[in-house]
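A short worksheet on the structure shown next.
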2 protein chains.
Amino acid sequence: MPRAATSSDVFNAVAEPCRRALLDCLAKGEHPVGTLVETTRLAQPSVSKHLRVLKEVGLVATRRDGRQRFYRLNAEAIRPMHDWVTTFERYFDHQLDRVKDRAESRQREQGQRPPSGRTARDTSNPKSGRTR
Amino acid sequence: MPRAATSSDVFNAVAEPCRRALLDCLAKGEHPVGTLVETTRLAQPSVSKHLRVLKEVGLVATRRDGRQRFYRLNAEAIRPMHDWVTTFERYFDHQLDRVKDRAESRQREQGQRPPSGRTARDTSNPKSGRTR
DNA sequence: ACTATATATTCTGATATGGGAATATATCAA
DNA sequence: TTGATATATTCCCATATCAGAATATATAGT
């Protein structure tokens, strides 16, 4: 028995790069298929097929308008994967601080970057580099 | 061209439930293959093969001791996936607070769970891994 | 050297996958 | 209706994937 069907498991659905690309596009907002075809530069049938998979696992939802079909992200469906992945955060280097920072800065709703005075702090110590 | 080889892409390597199970085991510490076979109840060759994939994508590392081979998690390799997934956090319901909480509580380094006051919230994922 | 243990590799077969091409469906416009 | 546009579906094929069985390799103990 091969791995869980790509069309029933979020991990699998997302394992395909094209589908991640599609989700990335949709993260920016709702889009009709045509737009997605353009931005991803994939063949239209390909896009439709990938979107179908994404829809089957609940990662996207659709709305119809005339002959266009708008797709939008349903982020909730990513949560199982998110939960699993974050389980490992504790093993990342210095990840704790960064996770917190990320959350906070986002909560600050796009804060203004502090003046030039920016000494060390933690903007990646020149040494570590590791920030990626 | 099918999706990126399972043995070269973290997303793919992790798309397989058995491999997630193995990673879950290894998150608890280093283990020889035998132990993993027991806990996962998978056939030994299967385990070896899955471990190989995990090793190829850098998710695990090994150490040899006598005839045993110990595997350990290399969480850093999950980071690409982690980064991608967390990109979507902003679209989760009320996720912002929870992300921050998670980070903070962890920073408290396994603190004592706060008093009963703790409503709902972290009930998050009794199910997390184990999609298997 | 011989045997047992721990793990890895190879082979096979059933099944899934994704791309491309062709075609189908739905909707709008004239 | 007819035609054009937007999207979905079907078919075929090359390839990848996984499980299972058999076998290989390495190491330890005697």
Side-chain angles (χ1 to χ4, degrees), chain A residues 1-23 25-26 30-73, chain B residues 1-23 25-26 30-73 131-132:
Chain A
M1 192 193 305
R3 70 165 68 158
T6 196
S7 34
S8 66
D9 176 43
V10 177
F11 283 89
N12 253 299
V14 158
E16 159 65 55
C18 299
R19 289 196 285 263
R20 287 204 295 281
L22 287 170
L23 291 176
C25 290
L26 295 176
E30 196 189 45
H31 285 295
V33 178
T35 303
L36 298 171
V37 170
E38 282 176 35
T39 39
T40 62
R41 292 165 143 300
L42 292 169
Q44 177 266 311
S46 245
V47 172
S48 279
K49 282 184 276 190
H50 284 308
L51 286 173
R52 169 129 102 136
V53 172
L54 293 176
K55 190 174 183 182
E56 280 171 343
V57 298
L59 280 164
V60 302
T62 57
R63 168 176 75 83
R64 157 169 261 151
D65 179 26
R67 27 189 168 175
Q68 287 187 307
R69 192 171 287 243
F70 286 83
Y71 282 81
R72 64 179 179 281
L73 177 69
Chain B
M1 193 194 305
R3 69 165 68 156
T6 196
S7 33
S8 67
D9 176 44
V10 178
F11 283 88
N12 253 300
V14 160
E16 158 66 55
C18 300
R19 289 196 284 264
R20 286 202 296 281
L22 286 169
L23 292 175
C25 290
L26 295 176
E30 196 186 47
H31 285 297
V33 179
T35 303
L36 297 171
V37 170
E38 281 176 36
T39 40
T40 63
R41 292 162 143 299
L42 292 169
Q44 176 267 314
S46 245
V47 172
S48 279
K49 281 183 279 189
H50 284 307
L51 286 172
R52 169 130 102 137
V53 172
L54 292 176
K55 190 173 182 183
E56 280 170 345
V57 297
L59 280 163
V60 302
T62 58
R63 169 176 76 81
R64 156 169 262 150
D65 179 28
R67 30 189 166 172
Q68 286 188 307
R69 193 169 286 246
F70 285 83
Y71 282 80
R72 64 179 179 280
L73 177 68
T131 310
R132 214 236 145 120

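Values below: every heavy atom of this structure, side chains too, minus hydrogens, waters and symmetry copies. Residue numbers begin at 1 in each chain, while the letters A, B, ... track the order of the sequences.
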Review point. Does A:Arg20 use its side chain to pair, donor to acceptor, with the backbone of A:Val14 at less than 3.5 Å?
Key: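 Present.
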Check your understanding: When you measure from the side chain of A:Ser48, which nucleotide among D:dT9, D:dA19, C:dA8 comes out closest?
Key ->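 Looking only at heavy atoms from C-beta outward on A:Ser48, the closest nucleotide is D:dT9.
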Separation of [N] [atom2] from [X] [atom1] (nearest whole Å):
| X | N | atom1 | atom2 | result |
| --- | --- | --- | --- | --- |
| B:Glu16 | C:dT15 | CD | P | 17 Å |
| B:Arg69 | D:dT25 | CZ | P | 14 Å |
| B:Leu54 | D:dT17 | CG | P | 13 Å |
| A:Arg63 | D:dT7 | CZ | C1' | 15 Å |
| B:Glu56 | D:dT17 | CD | C1' | 14 Å |
| A:Asn12 | C:dT17 | CG | C1' | 10 Å |

Salt bridge (charged side-chain N to carboxylate O under 4.0 Å, His left out) partners of [X], counting only residues at least two apart:
| X | value |
| --- | --- |
| B:Arg64 | none |
| B:Glu38 | none |
| B:Arg72 | none |

Check your understanding: Closest nucleotide of DNA chain D for A:Ser46 versus for A:Gln68: which of these residues is on the 5' side?
Key ->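 Checking each residue's closest nucleotide, the 5'-ward one belongs to A:Gln68.
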Practice item. Name every residue in residues 30-38 of chain A that has at least one heavy atom under 4.0 Å from any atom of DNA chain C, in order of residue number, or write none if there are no such residues. Key: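 Within this stretch, nothing sits under 4.0 Å of the strand.
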Check your understanding: Where along nucleotides 21-28 of chain C does protein come under 4.0 Å, by heavy atom, of base (B) or sugar-phosphate alone (S), with - for untouched nucleotides?
Key -> BB---SBB
Exercise for review: Using a 4.0 Å heavy-atom cut-off across all strands, classify A:Tyr71 as base, sugar-phosphate, or nothing.
Suggested key: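 The residue A:Tyr71 makes sugar-phosphate contact but no base contact.
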Exercise for review: Would you name the heavy atoms of A:His31 and A:Cys25 that are closest together and state the gap between them?
Suggested key: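 Closest heavy-atom pair between A:His31 and A:Cys25: CD2-O, 3.8 Å.
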Exercise for review: Using side-chain contact (heavy atoms from CB on, under 4.5 Å) as the criterion, list what pairs up with A:Gln68, not counting sequence neighbours.
Suggested key: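 Here the qualifying residues are A:Pro32, A:Phe70.
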